**Q** 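Below is a structure I'd like to ask you about.
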Amino acid sequence: MVSLNSFELRPDAVSLVNVLPACGSLGAWKRGKQLQGYAIRRCLHEDVFVGNAIVDMYAKCKRLDDANKVFELMEVKDVVSWNALVTGYSQIGRFDEALGLFERMREEEIDLNVVTWSAVISGYAQRDLGYEALNIFKGMRLSGAEPNVITLVSVLSGCAAIGALRQGKETHCYAIKRMFSLEGSNTEEDLMVTNALIDMYAKCKEMKIAHAMFDDIDRRDRNVVTWTVMIGGYAQHGDANDALELFSAMLKDEYSVIPNAYTISCALVACARLSSLRIGRQIHAYVLRQGYEPTIVFVANCLIDMYAKSGDVDAARLVFDNMSQRNTVSWTSLMTGYGMHGRGEEALQVFNVMRGEGLPIDGVTFLVVLYACSHSGMVDKGMNYFNHMKGDFGVVPGAEHYACMIDILGRAGRLDEAMKLIERMPMEPTSVVWVALLSACRVHKNVDLAEHAAAKLSELESENDGTYTLLSNIYANAKRWKDVARIRSLMKHSGIRKRPGCSWVQGKKETVTFFVGDRCHPMSEKIYDLLEDLIHRIKAMGYVPETNFALHDVDDEEKGDLLIEHSEKLALAYGILTSAPGVPIRITKNLRVCGDCHTAMTYISKIIEHEIILRDSSRFHHIKNGSCSCRGFW
DNA sequence: GTAGGGTTAG
C-alpha cells in the first residue's frame with residue numbers, strides 16, 4: 001500500500017529496496033533490521049515494494065519466522081512477498097511449509113504467477129521429486145500461466161532427477177515450440193535450456209543425444225555449465241575416460257572457459273571411478289594453483305573420495321586434515337575410505353572423533369560405520385552399532401542398514417542369523433538385502449538359501465547378470481551341473497549376458513586395459529610368458545589352481561576362459577613388466593576379483609618387489625609379502 | 001525499485 005505521503009518520501013523507499021537485497025545476500029539481518037526500523041519511523045514500510053524487500057531480506061537471511069511476522073502485518077499481501085516466503089521456506093529445507101503457503105495462495109485466490117509456479121517446481125526438482133514437479137507443471141499449463149525459460153529449466157531438472165526420459169523428451173518438444181513462439185532469440189536463455197536438456201539426457205543415460213546437442217552448440221557459445229553437465233554426464237552415466245578427455249579438451253579450448261568447482265568435482269568423480277591417481281593428483285595440483293575458496297569443502301570432499309578410491313587413503317587423510325572447514329560428507333568420505341581399505345579400526349576412530357565434535361549423525365553415517373565393520377570382519381561391533389543407532393542417536397534403521405547387517409553376518413558365515421534378521425525386518429526386504437545374502441551363500445556354500453534368495457530376487461524382478469553368475473557358481477561348486485546348464489539357458493533365453501570382466505593398470509603415463517584372454521597389447525607375448533613362469537614358480541611354493549573359478553563362464557564363447565587368461569592376472573604381469581622395483585602396482589577390476597587370481601597374487605607377492613594394490617567392485621586388496629589386507633573379508 | 005533457475009561429494 002502506497003501511503004499518502006509516499007510521493008515526497010519516494011526516493012528513500014527506492015534506496016531501501018536497493019539496499020535491502022544486499023543485506024539478504026550477505027546474511028546481514030541485523031543491518032536489515034535497522035533498515036526496517038528506519039522504514040517504520042519514516043512510514044516507508046507501508047510501501048508495498050519496501051514491505052516485499054523486508055520480507056525477502058529476512059527470508060534470504062534464513063529468518064523465516066521474522067519474514068512471516070512482517071508478512072502477516074502487511075495490509076496488502078503482494079504476490080511477490082508470497083513468493084519470497086515460498087522460496088525462503090524451500091531453501092532452508094522447510095518445504096512442507098512452502099507447500100502450505102502455496103495451498104493458501106490457491107485458497108485465497110491469489111493470482112499465481114510464473115515465479116510462484118517455478119519456485120514450487122524447482123522445490124520439488126531439488127528434492128528429486130520429479131513426478132511431483134511434472135504435476136505442478138501440468139497444473140501451471142492448465143491455469144493458463146505462461147512458462148518461461150526458468151520454468152523449463154526447473155522442469156527438466158526434475159526429469160533429470162528421476163531419469164524420466166519420456167517426460168524429458170516431451171518437455172524438449174514443448175521447449176522447441178515455445179522458443180519458436182518467443183519473439184527474437186536470446187542466445188543466453190537458449191543456452192540455459194540447452195544445458196538443462198543435455199543434463200537431462202545424460203542423467204537418462206542417453207549420452208549420444210547429449211553429446212550431439214553439445215556438438216551442435218557453437219564452440220564460442222558453450223559456457224562452463226555446458227562443459228560441466230557433459231563431463232558430469234560421462235563421469236556418472238557413461239565412460240569416465242570420455243569425461244577426462246572432455247575435461248582436458250575444455251582446458252585446451254581456444255574459447256577458454258574456466259572450470260569452476262562443479263567442473264572440478266565432476267572430473268574428480270571420473271578419476272575416482274577409474275582409480276586414476278595420476279590424473280587425480282594433477283587436478284589436485286590445479287585446484288591448489290587456482291584456489292577454489294568459496295566452494296572448497298565440496299571440492300576437498302571429492303578429493304578425499306578420489307584418493308581413497310584410487311588406493312591412497314593416506315593422501316585422503318592429508319586432504320581431510322588440511323581442510324579449514326568440514327561437513328558431514330567430509331567425515332563420512334574419509335570413513336568410507338578407511339572402510340574399503342579394510343582399516344575398520346581407523347574408520348571407527350574417525351567416527352568417535354566426529355561424535356565428540358557434536359556433528360550430526362545421520363543414516364548415511366551409520367551405513368558407512370556398518371560398511372567399515374563389514375569389510376574388517378568386526379561382526380560384534382557392527383551388531384552393537386546397529387542395535388544402538390535408534391536408541392542412542394535417533395536414527396531409525398532403513399532397509400539399507402539391514403542389508404549391511406546381512407552382509408556382516410553373511411561374511412562371517414552366520415547365515416541362519418542373517419536369515420532370521422531378514423524375517424524380523426519391519427519393511428519389505430529390498431533386492432540389496434537378497435544380493436547380500438546370495439553373496440554370502442557363495443562364500444559359505446549354502447545352496448538352499450541361495451535358491452531362496454535368487455527366487456526372491458526374481459519376484460522383485462531385479463535379477464541381473466551378477467545374480468545369475470553367483471547362482472551358477474554356487475551350483476558349480478556343489479557340482480550340480482544340470483542346474484548350471486539350466487541357469488545358462490535361462491540367461492540365453494532372457495538375453496542377459498555376463499558382463500565381461502576387465503581390469504586396468506595404472507602406468508606411469510597411461511592406463512592400460514585388459515579383457516579376459518586379451519592378446520591385443522603389443523607386449524602380449526611377454527605378458528603370457530611371464531605369467532607362465534610365475535605360475536610355475538608359485539606352484540612349487542604350494543599354489544594349487546582353484547579350478548572352480550574356471551567354471552564362471554556361462555557363455556559358450558568364453559570356453560577358452562582359462563584361469564591364466566583372467567584380466568587381473570594379465571594386468572598384474574603388465575604391471576610387473578613396466579614398473580620400477582618397489583613401485584606399487586595399482587590394478588582395478590570392474591567385477592569382484594576371482595578367487596583363484598586372489599590366491600595366485602598372494603603367492604606372487606612373495607616373489608616380486610612390488611606391493612599389489614587391487615581394487616575390485618567390492619573393496620581394496622593390499623597384497624604384500626604373501627598376505628592380503630582383506631583377511632578373507634571380501 | 002521487490003520474488004523464481006541449470007552443473008558437484010559420503
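No experiment lies behind these values; they were computed from the predicted model shown.
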**Q** Is the aromatic ring centre of F49(A) closer than 5.5 Å to the centre of the six-membered base ring of dT2(B), with the two planes inclined by less than 30°?
**A**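 So no, this residue does not stack on that base, at least one cut-off failing.
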**Q** Could you tell me the separation between the CZ atom of F102(A) and the P atom of dA3(B), rounded to a whole number of Å?
**A**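 Checked: the CZ to P distance equals 20 Å.
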**Q** Mark yes or no for a side-chain to base donor-acceptor pair under 3.5 Å between D78(A) and dA3(B), with no hydrogen or angle criteria applied.
**A**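 Between dA3(B) and D78(A), which were checked side chain against base, a qualifying N/O pair under 3.5 Å is absent.
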**Q** Please give, in whole Å, the distance from dT8(B) P to I296(A) CD1?
**A**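 So the CD1-P distance, I296(A) to dT8(B), works out to 18 Å.
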**Q** To the nearest angstrom, how far is D111(A) atom CG from dA3(B) atom C1'?
**A**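 Nearest whole value for this atom pair: 15 Å.
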**Q** Is V114(A) touching bases, backbone alone, or none of the nucleic acid, heavy atoms closer than 4.0 Å?
**A**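 The answer is base, as V114(A) lies within the cut-off (heavy atoms under 4.0 Å) of a base atom.
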**Q** Give D56(A) one of three labels, base, sugar-phosphate or nothing, depending on what nucleic acid heavy atoms sit under 4.0 Å from its own.
**A**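 Sugar-phosphate contact only.
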**Q** When rounded to the nearest 0.5 angstrom, what is the spacing between CG in N223(A) and CG in N195(A)?
**A** 5.0 Å
**Q** For the pair made of CZ in F95(A) and C1' in dG4(B), what is the distance, rounded to whole Å?
**A** 13 Å
**Q** Of the options F102(A), F137(A), Y124(A), which is the one that meets W117(A) in a ring-ring contact (aromatic ring centres under 6.0 Å, His included)?
**A**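 Testing each of F102(A), F137(A), Y124(A) against W117(A), the sole residue satisfying ring-ring contact (aromatic ring centres under 6.0 Å, His included) is F102(A).
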**Q** To the nearest Å, how far apart are D128(A) CG and dT8(B) P?
**A** 10 Å
**Q** Could you tell me how far apart M323(A) (CE) and dA9(B) (C1') are, to the nearest whole angstrom?
**A**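 Going from M323(A) (CE) to dA9(B) (C1'), I get 10 Å.
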**Q** Within the modelled atom types, does a donor on one side and an acceptor on the other bring the side chain of N148(A) and the base of dG4(B) under 3.5 Å apart?
**A** yes
**Q** dA9(B) P sits how many Å from F298(A) CZ, rounded?
**A** 6 Å
**Q** Name the residue from V155(A), V153(A), L134(A) that meets the side chain to side chain contact (heavy atoms under 4.5 Å, CB included) definition with I121(A).
**A** V155(A)
**Q** Whole angstroms only, please: what is the OH-P distance between Y262(A) and dG6(B)?
**A**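 Roughly 8 Å, once rounded to whole Å.
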**Q** Classify the ring geometry of H211(A) against F214(A): parallel below 30°, tilted from 30° to 60°, perpendicular beyond 60°.
**A**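 It falls in the perpendicular class, over 60°.
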**Q** Looking only at side-chain N and O atoms, does K203(A) come under 4.0 Å of OP1 or OP2 in dT8(B)?
**A**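 Looking at the OP1 and OP2 atoms of dT8(B), one of them is under 4.0 Å from a side-chain N or O of K203(A).
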**Q** May I ask you to decide if the ring planes of F620(A) and H341(A) are parallel, tilted or perpendicular, using 30° and 60° as cut-offs?
**A**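 F620(A) vs H341(A) ring planes: parallel.
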